[in-house]
Amino acid sequence: MSKNAEALAAQIKAVAGDAPVRLGLILGSGLGHIADTVDGTAIPYGDLPGFPHAGVSGHNPNLVIGDLEGVRVAVFGGRSHYYEHGKPDAMRLPLEVLRALGAEMMIATNAAGSMRHDMPTGSIMCLSDHINFSGLNPLIGEPTDARFVPMMDAYDPQMRAGLRAAAKATDTDMTDGVYAWYSGPSFETPAEIKAIAMLGADAVGMSAVPEVILARFLGLRAAAISTITNMAAGMSDEAISHNHTKAMAPIGAAKFETVLRQFLRNLS
């Protein structure tokens, strides 16, 4: 744990209280409103030296510490993506801070394109595994042997079971699937989508994987859910764009919020 992370954690505790956080939540495109539902304290990223600017429209660049459905959470209303600055480890410091705040678990969310016709726009997918199609890694440059992180069960089986139980309890459709991380910011070509599908991916997006790798490196149990905002290139006649992503995100966001709240109620 870096001294910077410990100093930031102390700064946050001075404002939000020193009760330990149990779970961290990273919100993707169209999900920033969930941060506003937390009963707690919002701290702008700009007040936390080293935190990302979160310069993508549709994100809410605040760290919110407080209670959600009886569980003390740290909600990251936005993230930094590799495609913004060419840094796959851009979320390392925020996740180190999360660990320093006492968290044991992290859930990452993101918008994704579907490669399955039975998982249309508006669906949600619980990640069972991922394919790092980008070839990038947030641990490149880490000098210690801790960089050799085993990724078997990267998506914690117990957390996934809890999310599936929450979906069942709320009668919410949620599919399990493999997610492919593509660097962005341009969307994938139809040929790339065909290649990714042949490798075994069910959905594709531009985030989440770096945070999951970092979470495992830091000893956090991890889970992730994608909201399906479009069919991948060549899969339909949709005009894919970031505006389309933002327009479609609320459909899956409502399903995700339902599952998340039930998951947290079960935890509490």
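Here the structure is a predicted model, which means the values were calculated and not measured.
In this structure, R261 contributes its side chain and R265 its backbone to no donor-acceptor pair below 3.5 Å. Between the side chain of T170 and the backbone N or O of V259 there is no donor-acceptor pair closer than 3.5 Å. At least one donor-acceptor pair closer than 3.5 Å links the side chain of Y45 to the backbone N or O of G78. Remark: the backbone N or O of G177 is paired with a side-chain donor or acceptor of S128 at under 3.5 angstrom. Using a distance-only test at 3.5 Å, with no hydrogens or angles considered, a donor-acceptor pair links the side chain of N137 to the main chain of L139. In this structure a side-chain-to-backbone donor-acceptor pair under 3.5 Å is missing from S226 to M125. A donor-acceptor contact shorter than 3.5 Å links the side chain of T144 to the backbone of A146. Put simply, the side chain of N132 gets close to the backbone of L136: a donor and an acceptor are under 3.5 Å apart. Under the 3.5 Å distance criterion, the side-chain polar atoms of T172 are left unmatched by any main-chain donor or acceptor of T258.
Within the 4.5 Å cutoff, no side-chain heavy atoms of F133 are placed close to those of V204. Using a 4.5 Å heavy-atom cutoff, the side chains of P49 and L8 are in contact. Between I196 and I131 the shortest side-chain heavy-atom distance does not fall below 4.5 Å. Between I43 and V64 the shortest side-chain heavy-atom distance does not fall below 4.5 Å. Counting heavy atoms from C-beta on, the side chains of D176 and R160 come closer than 4.5 Å. When side chains are defined from C-beta on, T37 counts as touching E257, because their heavy atoms get closer than 4.5 Å. Between E192 and Y182 the shortest side-chain heavy-atom distance falls below 4.5 Å. At least one side-chain heavy atom of M206 sits under 4.5 Å from a side-chain heavy atom of F187.
Within 6.0 Å of atom CG in D36, more than 12 heavy atoms from other residues, nucleotides or ligands are found, so the atom counts as buried in its surroundings. Summarising the local packing, CG of D118 is surrounded by more than 12 heavy atoms from other residues, nucleotides or ligands at distances under 6.0 Å.
Between Y179 and N110, the side chains place a donor N or O and an acceptor N or O closer than 3.5 Å (distance only, hydrogens not considered). No side-chain donor-acceptor contact under 3.5 Å links N4 and S2.
When all heavy atoms are compared, the tightest approach of I228 to S114 is CG2-CB, 3.6 Å. Closest approach of I124 to G252, counting heavy atoms only: CG2-O, 3.4 Å.
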Exercise. Assess whether side chain to side chain contact (heavy atoms under 4.5 Å, CB included) is satisfied between V178 and L127, documenting all intermediate values.
Key: CA-CA 6 Å; V178 175; L127 276 63; over 6 Å; no

Quiz item: Are D67 and V73 close enough, and set up right, to give a side chain to side chain contact (heavy atoms under 4.5 Å, CB included), and what steps lead you there?
Solution: CA-CA 6 Å; D67 292 330; V73 297; over 6 Å; no

Quiz item: Is there a side chain to side chain contact (heavy atoms under 4.5 Å, CB included) between D202 and M115 once you walk through the steps?
Solution: CA-CA 5 Å; D202 299 295; M115 289 181 280; 5.9 Å; no

Exercise. Verify side chain to side chain contact (heavy atoms under 4.5 Å, CB included) between I107 and I26, making sure each step is shown before the conclusion.
Key: CA-CA 6 Å; I107 297 176; I26 300 176; over 6 Å; no

Please report, to 0.1 Å, the donor-acceptor pairs under 3.5 Å made by any side chain of residues 208-218, with sequence neighbours excluded.
residue, atom, partner, partner atom, Å
E211, OE1, R79, NE, 2.6
E211, OE1, R79, NH2, 2.6
R216, NH1, L220, O, 2.8

Extract all donor-acceptor atom pairs below 3.5 Å that involve side chains of residues 85-95 and protein atoms in other chains or at least two apart in sequence.
residue, atom, partner, partner atom, Å
R92, NE, E96, OE2, 3.1
R92, NH1, E142, OE1, 3.1
R92, NH2, E142, OE1, 2.9

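A salt bridge does not link D18 to K13: none of the charged nitrogens lies less than 4.0 Å from a carboxylate oxygen.
Ring-plane geometry between F51 and F76 is classed as parallel, the angle between the planes falling under 30 degrees on a 0 to 90 degree scale with a further cut at 60. Aromatic ring pairs are classed by plane angle as parallel below 30°, tilted from 30° to 60° and perpendicular above 60°; the pair Y155 and H130 is perpendicular.
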